[in-house]
*Asks:* 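After the structure tokens below, expect a handful of questions from me.
Because only heavy atoms are used, hydrogens play no part in the values below, and waters and symmetry mates are left out as well, while side chains stay in.
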Amino acid sequence: MGQWRSIVKEAIDRTAIIAKFLCLLHVTNNYLCSPTLVYGPSMLPTLNLTGDVLLAERVSHRVGRVGPGDVVLVRSPLNPRKTLTKRIVGVEGDKVNFFPDPANSNRCLTAVVPKGHVWIQGDNVYASSDSRHFGPVPYGLIDGKVFLRVWPPDCFGPLEH
């Protein structure tokens, strides 16, 4: 009987350690820092077409520490299940000049970013769906600020502004 009691105690202790680890992993991934796979042409030449693994911290946007030049993860205003990786071009109150269709027109428009919003654009204006198409993005849709590229290994390091 004593042997079973020690086996059950050991099982409970190990289960508790695993549960604590999973809780720590959840908190770290959702509230501190998380990896994300990014691919596609919209952020060329900053990010690779075939895919990059980036680390995004999830604290700066909660305390208002993101601004023009920062690469951020944003939930798409058109499809909330999709996450976009774009650069912040303007914050509330900024006037932003942009070309709505740079491939077919030289027409330049100006927009003022409203309070509580940011203006995001991909680095490759010819292949990016961004604020030029759906307007300013509410600040609450920002999920994180990218700070490090971890894959591919030859590109490892912080992202440049």
Side-chain angles (χ1 to χ4, degrees), residues 18-104 109-161:
I18 291 171
K20 289 176 186 176
F21 173 74
L22 291 175
C23 288
L24 177 66
L25 192 63
H26 170 76
V27 168
T28 301
N29 191 51
N30 289 318
Y31 301 105
L32 298 177
C33 177
S34 66
T36 187
L37 173 64
V38 176
Y39 57 91
S42 73
M43 285 299 288
L44 282 172
T46 305
L47 302 177
N48 295 309
L49 179 67
T50 55
D52 289 321
V53 176
L54 307 172
L55 284 182
E57 55 92 2
R58 298 180 177 269
V59 177
S60 291
H61 72 282
R62 297 177 200 271
V63 294
R65 302 287 295 174
V66 293
D70 291 336
V71 176
V72 292
L73 303 178
V74 179
R75 273 180 281 129
S76 171
L78 305 177
N79 180 3
R81 290 183 175 181
K82 188 175 178 183
T83 299
L84 308 174
T85 305
K86 305 292 180 192
R87 190 176 302 276
I88 293 179
V89 175
V91 294
E92 62 183 59
D94 288 352
K95 285 186 178 181
V96 179
N97 297 318
F98 65 97
F99 296 101
D101 186 14
N104 299 317
L109 299 177
T110 300
V112 176
V113 182
K115 183 174 179 149
H117 290 69
V118 294
W119 189 272
I120 58 170
Q121 284 185 202
D123 289 352
N124 182 0
V125 295
Y126 298 103
S128 179
S129 178
D130 48 37
S131 288
R132 295 171 299 133
H133 301 98
F134 45 73
V137 175
Y139 204 81
L141 292 182
I142 298 175
D143 280 340
K145 177 178 165 183
V146 175
F147 69 94
L148 187 70
R149 181 186 351 229
V150 296
W151 191 265
D154 58 323
C155 297
F156 182 88
L159 289 184
E160 302 299 322
H161 276 290

*Asks:* Could you note down all residue pairs passing ring-ring contact (aromatic ring centres under 6.0 Å, His included) where residues 77-99 supplies at least one of them, sequence neighbours left out?
*Replies:*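 Every ring-ring contact (aromatic ring centres under 6.0 Å, His included) pair that includes a residue of residues 77-99, provided the two are not neighbours, is Phe98-Trp119.
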*Asks:* With Lys115, which residues qualify under side-chain contact (heavy atoms from CB on, under 4.5 Å), at least two apart?
*Replies:*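 Testing Lys115 for side-chain contact (heavy atoms from CB on, under 4.5 Å), a comparison that skips the adjacent residues, returns Glu92.
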*Asks:* Sequence neighbours left out, cut at 3.5 Å: what donor-acceptor pairs do the side chains of residues 122-129 make with other protein atoms?
*Replies:*
| residue | atom | partner | partner atom | Å |
| --- | --- | --- | --- | --- |
| Asp123 | OD1 | Arg87 | NE | 2.9 |
| Asp123 | OD2 | Thr46 | OG1 | 2.4 |
| Asp123 | OD2 | Arg87 | NH2 | 2.9 |
| Asn124 | OD1 | Tyr126 | N | 3.3 |
| Asn124 | ND2 | Pro41 | O | 3.1 |
| Ser128 | OG | Lys86 | NZ | 3.0 |
| Ser128 | OG | Gly122 | N | 3.3 |
| Ser128 | OG | Asp130 | OD2 | 2.9 |

*Asks:* Return the set of residues passing side chain to side chain donor-acceptor pair (under 3.5 Å) with Asn79 (not counting sequence neighbours), or none when no residue passes.
*Replies:*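 Testing Asn79 for side chain to side chain donor-acceptor pair (under 3.5 Å), a comparison that skips the adjacent residues, returns none.
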*Asks:* What donor-acceptor contacts under 3.5 angstrom involve side-chain atoms of residues 47-59, with partners at least two apart or in another chain?
*Replies:*
| residue | atom | partner | partner atom | Å |
| --- | --- | --- | --- | --- |
| Asn48 | ND2 | Asp52 | OD1 | 2.7 |
| Asp52 | OD2 | Asn48 | N | 2.8 |
| Asp52 | OD2 | Arg149 | NH1 | 3.2 |
| Glu57 | OE1 | Val59 | N | 2.9 |
| Glu57 | OE1 | Ser60 | N | 3.0 |
| Glu57 | OE1 | Ser60 | OG | 3.4 |
| Glu57 | OE2 | Ser60 | OG | 2.3 |
| Arg58 | NE | Asn29 | O | 3.1 |
| Arg58 | NE | Ser34 | OG | 2.9 |
| Arg58 | NH1 | Asp143 | O | 3.1 |
| Arg58 | NH2 | Ser34 | OG | 2.9 |

*Asks:* Determine whether Thr83 and Thr36 make a side-chain contact, defined as any pair of heavy atoms from C-beta on separated by less than 4.5 Å.
*Replies:* no
*Asks:* Which distance, rounded to the nearest 0.5 Å, do you find between the CG of Asp70 and the CD1 of Ile120?
*Replies:*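 Rounded to the nearest 0.5 Å, the CG-CD1 separation comes out at 13.0 Å.
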*Asks:* Any chance you could measure Phe134, atom CZ, to Ser76, atom OG, to the nearest 0.5 Å?
*Replies:* 5.5 Å
*Asks:* Let me know which of Leu73, Val137, Val72 forms a side chain to side chain contact (heavy atoms under 4.5 Å, CB included) with Ile142.
*Replies:* Val72
*Asks:* Write down the atom of Val96, the atom of Gln121, and the distance for their closest heavy-atom approach.
*Replies:*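 That closest heavy-atom pairing would be CG1-OE1, 4.4 Å.
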*Asks:* Would you check if Val150 and Pro35 make a side-chain contact, meaning some heavy-atom pair closer than 4.5 Å?
*Replies:*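 Answer no - side chains too far apart.
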*Asks:* Could you check Val38 against Met43 for side chain to side chain contact (heavy atoms under 4.5 Å, CB included), going step by step and ending with a plain yes or no?
*Replies:* CA-CA 9 Å; Val38 176; Met43 285 299 288; 5.7 Å; no
*Asks:* Would you mind listing every ring-ring contact (aromatic ring centres under 6.0 Å, His included) that reaches into residues 68-97, with sequence neighbours excluded?
*Replies:*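 Output for this query is empty, none listed.
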*Asks:* Which atom names give the shortest non-hydrogen contact between Val91 and Val113, and what distance separates them?
*Replies:*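 Result for this residue pair: O-CB, 3.3 Å.
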*Asks:* So, for Pro77 and Leu84, which heavy atoms are closest and what is the spacing to 0.1 Å?
*Replies:* CD-CD1, 4.5 Å
*Asks:* Does Ser131 use its side chain to pair, donor to acceptor, with the backbone of Gly135 at less than 3.5 Å?
*Replies:*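 Yes, the answer is positive, given that a donor and an acceptor are paired below the 3.5 Å cut-off.
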